[in-house]
Novice: 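My structure is below; once you've seen it, I'll send some questions.
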Number of protein chains: 2
Amino acid sequence: MTTRIQKRNRKRILDAALEVFAAQGFRGATLDQIAAEAGLSKPNLLYYFDSKEAIHRLLMEDLLASWLEPLRAIEPAGDPRAEIMGYMRRKLQMSREFPRESRLFANEILQGAPRLEDFIARDLKALVDDRAALIARWSAEGRLAAVDPYHLIFSIWALTQHYADFDAQIRLIREGSDPLEGAEPFLERLFERLLAP
Amino acid sequence: MTTRIQKRNRKRILDAALEVFAAQGFRGATLDQIAAEAGLSKPNLLYYFDSKEAIHRLLMEDLLASWLEPLRAIEPAGDPRAEIMGYMRRKLQMSREFPRESRLFANEILQGAPRLEDFIARDLKALVDDRAALIARWSAEGRLAAVDPYHLIFSIWALTQHYADFDAQIRLIREGSDPLEGAEPFLERLFERLLAP
DNA sequence: AAAAACCTTGACTGGTTGGTCAGGTCTGTT
DNA sequence: AACAGACCTGACCAACCAGTCAAGGTTTTT
């Protein structure tokens, strides 16, 4: 049974840990930083979680589920261009709403994905292969431009996640104005032009 | 005066440090890792460089110069579409030849760019603003599609650097085959369709 | 109200980290 | 060969790190 206090403190800790792991990576983050961010003492952190690794693992598990969902939501029965545009829009929305999750993921991949190897090589790969086959079918039927489906998927990832992962850079170049301002119409135009048969 | 041995060992250290910093970030990297990678003892590392910070600083300085160059090479007098396609191709080539430099940069930005703030807000911003104005002029003259010049530049960064920064992910999904296989024709088609007036 | 269960922390530990230093080895020059 | 300067390292240090624990405080249940 989980108490009221447990629920509150676990949430605080995971939120603080997301912040710190996303910015510093697993090795670069310290429990002291996370504890300070959460407003708790370090021993108290370790009362709720077994170890630094355990906090990180839980964060990753939450992340991975939400990472597959948008791609899975592509409907084989739907209109090809609308489905892909919808996927792009959903991914962009995630960069807007969950930039820290995006940076956490980016940090893991940059470090060579040691903790994600299984997930990527199994779950993600299987889903991407499936969606790539679907896109190839759509292209063969003439309902979509003939594009390499893998690079199409990678390009959606690259373009949408860039706004979360490189937020600091974009902010400095655009001097404070919302980094995502104008991104959606730009990407819509880009992918509409790319996908028109 | 620098001796033969100095030249060799400094090079070894910077090469090893690039490897380790790119994979672990500044905080996550340790001098022991760098020393092991370089095949030198830790005190020997500190014979050639004053501190961990000094190694990182030198690496960043080398990086920043090469980071501005391709964008600077865009010729105002050239053909608009050819100039932008050339810039994209140059950036893609850099992802192929210098993936570790790309990951080092990505790591810094992910961490909030604390060590790059000045460079980005001054040098990079000035150059981007200049190039964005040039692209806007080209668009106004009808020699280019009317696209947001900032998002155009960001999209080139996102799409080309993705292949270096997310190399581990792409490798696992494409099972060992060269992650950049097919990338160039895909990106050429994408930007040709985007930029056609 | 008092027991039981839950929550919190100061003080600590063993291991790691960036960095120092005295003293030794190697290299090029005369 | 012998000297100067450059190069290298084992042993060490203080600060920091993840994690432990005994003791005390708070909340919930009875």
Side-chain angles (χ1 to χ4, degrees), chain A residues 1-61 104 107-108 110-112 114-115, chain B residues 1-62 104 107-108 110-112 114-116:
Chain A
M1 194 199 89
T2 59
T3 70
R4 193 169 40 86
I5 295 175
Q6 255 171 59
K7 201 171 259 181
R8 167 171 54 88
N9 283 354
R10 278 177 193 274
K11 199 179 182 75
R12 273 194 196 175
I13 292 167
L14 288 173
D15 194 68
L18 175 59
E19 192 78 32
V20 177
F21 282 136
Q24 309 275 3
F26 182 76
R27 284 212 38 140
T30 73
L31 287 179
D32 291 281
Q33 281 176 291
I34 296 171
E37 182 83 22
L40 300 171
S41 69
K42 187 169 59 166
N44 207 5
L45 235 69
L46 291 159
Y47 171 77
Y48 289 102
F49 292 94
D50 285 344
S51 63
K52 180 184 177 183
E53 178 110 21
I55 301 175
H56 190 265
R57 191 164 35 236
L58 191 54
L59 234 33
M60 294 306 290
E61 278 163 23
L104 178 64
N107 232 315
E108 287 296 306
L110 263 180
Q111 276 152 44
R115 281 171 272 270
Chain B
M1 195 200 89
T2 59
T3 69
R4 193 169 40 86
I5 295 175
Q6 254 172 60
K7 201 171 258 181
R8 167 171 55 88
N9 283 354
R10 278 178 194 274
K11 197 179 184 77
R12 272 195 197 175
I13 293 167
L14 288 173
D15 193 67
L18 175 59
E19 192 78 31
V20 176
F21 282 135
Q24 309 275 2
F26 181 76
R27 285 215 37 145
T30 72
L31 287 179
D32 290 281
Q33 281 175 291
I34 296 171
E37 182 83 23
L40 299 171
S41 70
K42 186 169 58 167
N44 206 6
L45 234 70
L46 292 158
Y47 172 75
Y48 289 103
F49 292 94
D50 284 344
S51 63
K52 182 185 177 183
E53 178 108 22
I55 300 174
H56 190 265
R57 190 162 36 234
L58 191 53
L59 233 34
M60 293 307 290
E61 278 164 21
D62 290 354
L104 177 63
N107 234 315
E108 287 296 306
L110 263 181
Q111 276 152 43
R115 279 172 273 270
L116 289 180

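These figures come from a predicted structure and were not determined experimentally.
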Novice: With sequence neighbours left out, which residue pairs that include part of residues 8-45 of chain B fulfil the ring-ring contact (aromatic ring centres under 6.0 Å, His included) condition?
Specialist: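 Passing the test, one end in residues 8-45 of chain B: B/Phe21-B/Phe26, B/Phe21-B/His56, B/Phe26-B/His56.
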Novice: Can you check the B/Leu45 CG to C/dG18 P distance for me, whole Å?
Specialist: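 In whole Å, C/dG18 P and B/Leu45 CG are 10 Å from each other.
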Novice: Anything under 3.5 Å between a protein N or O and an N or O of nucleotides 22-30 of chain C, put it in a table, one pair a line.
Specialist:
residue, atom, partner, partner atom, Å
C/dG28, OP1, B/Arg4, NH2, 2.3

Novice: Identify the heavy atoms of B/Ala16 and B/Ile34 that sit nearest to each other, and give their distance.
Specialist: CB-O, 3.6 Å
Novice: Taking only side-chain nitrogens and oxygens of B/Ser41, does any of them come within less than 4.0 Å of OP1 or OP2 of D/dG10?
Specialist: no
Novice: Roughly how far, to the nearest 0.5 Å, is CD of B/Gln111 from CG of B/Leu116?
Specialist: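 Nearest 0.5 Å value for the CG-CD distance: 10.0 Å.
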Novice: Side chains of B/Val20 and B/Thr30, heavy atoms from C-beta outward: is any pair under 4.5 Å?
Specialist: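 No - every pair of side-chain heavy atoms lies 4.5 Å or more apart.
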Novice: So which heavy atom on A/Ala22 is nearest to which on A/Leu104, and how close?
Specialist: CB-N, 3.9 Å
Novice: Any idea which heavy atoms bring B/Asn107 and A/Leu110 closest together, and the distance?
Specialist: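 It is N-CD1, 3.9 Å.
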Novice: About how many Å separate CE of B/Met60 and CG of B/Asp62, when rounded to the nearest 0.5 Å?
Specialist: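 Interatomic distance, B/Asp62 CG to B/Met60 CE, rounded to 0.5 Å: 10.5 Å.
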Novice: Taking distance alone, no hydrogens or angles, what donor-acceptor pairs closer than 3.5 Å link side-chain atoms of residues 35-50 of chain A to residues at least two apart or in another chain?
Specialist:
residue, atom, partner, partner atom, Å
A/Ser41, OG, A/Asn44, N, 3.3
A/Tyr48, OH, A/Asn9, ND2, 3.1

Novice: On the nucleotide D/dA6, are OP1 or OP2 found under 4.0 Å from the side-chain N or O atoms that B/Asn9 carries?
Specialist: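 Checking B/Asn9 against D/dA6: no side-chain N or O falls below 4.0 Å of OP1 or OP2.
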Novice: Going 5' to 3' through nucleotides 18-23 of chain D, assign each nucleotide B (protein heavy atom under 4.0 Å from a base atom), S (under 4.0 Å only from sugar-phosphate atoms) or - (no protein heavy atom that close).
Specialist: BBBB--
Novice: Can you run down the salt bridge (Lys or Arg N to Asp or Glu O under 4.0 Å) pairs that involve residues 10-23 of chain B, sequence neighbours left out, and say none if there aren't any?
Specialist: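 Listed once each, the pairs are B/Asp15-B/Arg100, B/Glu19-B/Arg100.
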Novice: Respond yes when some side-chain nitrogen or oxygen of B/Gln6 is under 4.0 Å from OP1 or OP2 of D/dA6, and no when none is.
Specialist: no
Novice: Based on the rotation axes of five pairs at each end, what angle does the helix from C/dA1-D/dT30 to C/dT30-D/dA1 bend through, to 10°?
Specialist: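 Overall, the helix from C/dA1-D/dT30 to C/dT30-D/dA1 bends by 10° from one end axis to the other.
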Novice: Is the phosphate of C/dT8, meaning OP1 or OP2, less than 4.0 Å from a side-chain N or O of A/Tyr47?
Specialist: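 No.
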Novice: OP1 or OP2 of C/dT8 less than 4.0 angstrom from a side-chain nitrogen or oxygen of A/Tyr48, does that happen here?
Specialist: yes
Novice: Excluding sequence neighbours, so at least two apart, what forms salt bridge (Lys or Arg N to Asp or Glu O under 4.0 Å) with A/Arg115?
Specialist: A/Glu108
Novice: Could you check whether B/Phe49 gets within reach of a base, just the sugar-phosphate, or nothing at all, counting any heavy atom under 4.0 Å?
Specialist: nothing
Novice: Report the C-alpha separation of A/Gln33 and A/Gln24 in whole Å, then their side-chain angles, then the decisive distance to 0.1 Å, and conclude whether the side chain to side chain contact (heavy atoms under 4.5 Å, CB included) test is met.
Specialist: CA-CA 10 Å; A/Gln33 281 176 291; A/Gln24 309 275 3; 3.5 Å; yes
